[in-house]
Participant: 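Below: one structure in structure tokens.
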Amino acid sequence: MAGSIKLSIKIYMNILNKTVLLNIPKVHDERGSLAVIEKDVVPFEIKRVYYLYDVPSDSFRGGHAHKEQESVVIALSGSFEVVVDDGHTRKRIMLNKPTQGLYIPTYIWREIDNFSSGAVCLVLASTTYNEDEYLRDYEEFKNQLSG
Ligand code: TYD
């Protein structure tokens with residue numbers, strides 16, 4: 001019993017260590033807020049930026065892991081939830097602040113849902129688009145982890 005509690009804590013710590021919420025510095029004055037992403041804010045060189053918008057609230061996005069791509073996911077506007085899964089445990093994280101970025105390393109399964117009206121999901125990626133480095137099948141993802 002004590003052993004299994006220890007094991008769960010360890011796995012929980014592992015996933016927390018792998019997916020980190022980054023703080024994006026902002027400058028705020030009476031004219032509004034300005035957030036800046038430059039070197040050191042994101043732990044990789046940004047090769048690509050893409051964003052999801054006009055997303056129906058019942059949409060389900062993601063549903064894959066990456067062999068090479070590291071990502072930072074930001075709710076530029078509105079909110080949505082990201083499920084991250086390291087093959088052992090899953091965690092659901094609500095993103096609703098443009099000054100917060102969820103860093104997702106390689107080999108983490110992610111799903112995105114519960115989009116609010118007008119939500120914009122910005123993704124900073126460490127690679128250019130390459131379908132070959134996607135793992136879109138959950139069982140294949142799990143197999144690659146154990147192999
Ligand atoms: P998909 O990976 O399903 O998006 P999400 O993970 O957000 O649900 O991608 C949707 C389509 O867009 C798919 O045909 C691949 C294409 N796509 C590109 O052409 N370039 C890109 O940089 C990305 C991220 C996707």
Side-chain angles (χ1 to χ4, degrees), residues 4 7-28 31-147:
S4 76
L7 185 64
S8 334
I9 292 170
K10 193 164 166 235
I11 290 168
Y12 185 64
M13 291 299 291
N14 277 349
I15 196 161
L16 280 185
N17 289 345
K18 286 182 207 159
T19 58
V20 179
L21 275 175
L22 307 173
N23 277 321
I24 300 165
K26 72 167 181 193
V27 184
H28 175 78
R31 298 169 300 162
S33 297
L34 182 158
V36 188
I37 300 170
E38 57 183 342
K39 67 176 165 63
D40 298 345
V41 174
V42 169
F44 53 77
E45 190 186 333
I46 299 166
K47 290 269 176 61
R48 178 170 45 118
V49 175
Y50 64 93
Y51 41 96
L52 308 173
Y53 62 100
D54 284 349
V55 183
S57 60
D58 59 354
S59 228
F60 173 90
R61 306 289 316 217
H64 54 73
H66 290 279
K67 294 186 243 181
E68 290 170 9
Q69 181 189 317
E70 298 169 73
S71 323
V72 170
V73 180
I74 303 167
L76 265 199
S77 181
S79 66
F80 48 83
E81 293 179 356
V82 186
V83 170
V84 283
D85 178 333
D86 66 358
H88 298 285
T89 191
R90 358 188 89 199
K91 187 169 146 68
R92 182 171 276 277
I93 299 160
M94 145 92 76
L95 292 181
N96 60 3
K97 293 188 185 79
T99 54
Q100 228 171 29
L102 178 65
Y103 169 68
I104 308 180
T106 56
Y107 290 95
I108 295 286
W109 186 265
R110 86 286 315 269
E111 295 166 3
I112 312 178
D113 61 10
N114 283 331
F115 287 84
S116 71
S117 157
V120 178
C121 170
L122 181 80
V123 182
L124 311 175
S126 67
T127 61
T128 55
Y129 175 68
N130 174 12
E131 187 60 36
D132 293 345
E133 65 89 31
Y134 275 70
L135 293 166
R136 291 192 185 270
D137 179 83
Y138 188 74
E139 286 313 308
E140 191 196 344
F141 161 66
K142 293 264 286 182
N143 288 342
Q144 293 236 353
L145 291 176
S146 53

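In listed order, ligands and their atoms are each counted from 1. Small disclaimer: the values here were computed from a predicted structure and weren't measured.
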Participant: With nothing but distance in play, are any N or O atoms of Leu52 less than 3.5 Å from an N or O of ligand 1?
Facilitator: no
Participant: State, without any angle test, whether His66 and Thr106 hold a side-chain donor-acceptor pair at a distance under 3.5 Å.
Facilitator: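 Side chains of His66 and Thr106: no pair found under 3.5 Å.
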Participant: Taking N or O atoms only and a 3.5 Å limit, does Arg61 qualify as a polar contact for ligand 1?
Facilitator: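 Yes; at least one N/O pair falls below 3.5 Å.
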Participant: Do ligand 1 and His64 have nitrogen or oxygen atoms that lie under 3.5 Å from each other?
Facilitator: yes
Participant: Among all the protein's non-hydrogen atoms, which is closest to atom 25 (C) of ligand 1, and how far away is it?
Facilitator: Tyr129 CE1, 3.8 Å
Participant: Check whether Arg48 reaches the backbone of Thr127 with its side chain - one donor and one acceptor, N or O, closer than 3.5 Å.
Facilitator: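 Here the side-chain-to-backbone pair exists.
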Participant: Step by step, work out the side chain to side chain contact (heavy atoms under 4.5 Å, CB included) result for Leu21 and Leu95.
Facilitator: CA-CA 10 Å; Leu21 275 175; Leu95 292 181; 3.8 Å; yes
Participant: Between Cys121 and Val73, is any pair of side-chain heavy atoms under 4.5 Å apart?
Facilitator: yes
Participant: Does the protein put any heavy atom within less than 4.0 Å of atom 5 (P) of ligand 1?
Facilitator: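 Yes, at least one protein heavy atom sits under 4.0 Å from atom 5 (P) of ligand 1.
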Participant: To which protein heavy atom is atom 22 (O) of ligand 1 closest, and what is the distance rounded to 0.1 Å?
Facilitator: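 Looking only at protein heavy atoms, the one closest to atom 22 (O) of ligand 1 is Arg48 NH1, 2.5 Å.
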Participant: Using the six-membered ring wherever Trp is involved, compare the ring planes of Phe44 and Tyr103 and label them parallel, tilted or perpendicular (cut-offs 30° and 60°).
Facilitator: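 Ring orientation, 0 to 90° scale: tilted.
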Participant: What is the distance from atom OG of Ser59 to atom CG of Asp54, rounded to the nearest 0.5 Å?
Facilitator: 11.0 Å
Participant: I'd like to know if the side chain of Ser126 reaches the main chain of Glu70, judged simply by a donor and an acceptor atom lying under 3.5 Å from each other, with no hydrogens or angles considered.
Facilitator: yes
Participant: Distance below 4.0 Å between atom 14 (O) of ligand 1 and any protein heavy atom?
Facilitator: no
Participant: Using a 3.5 Å distance criterion without hydrogens, assess whether the side chain of Glu68 forms a donor-acceptor pair with backbone atoms of Glu133.
Facilitator: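 A pair under 3.5 Å: no.
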Participant: Below 4.0 Å from ligand 1: does a non-hydrogen atom of Tyr134 turn up there or not?
Facilitator: yes
Participant: As a check for students: among Ser71, Cys121, Gly62, identify the option with a heavy atom nearest to atom 8 (O) of ligand 1.
Facilitator: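 Answer by nearest heavy atom: Gly62.
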Participant: Output the list of atoms in ligand 1 that are nearer than 4.0 Å to some heavy atom of Arg136, sorted by atom number.
Facilitator: 1 (P), 2 (O), 3 (O)
Participant: Can you check whether Glu131 has an N/O within less than 3.5 Å of an N/O in ligand 1?
Facilitator: no
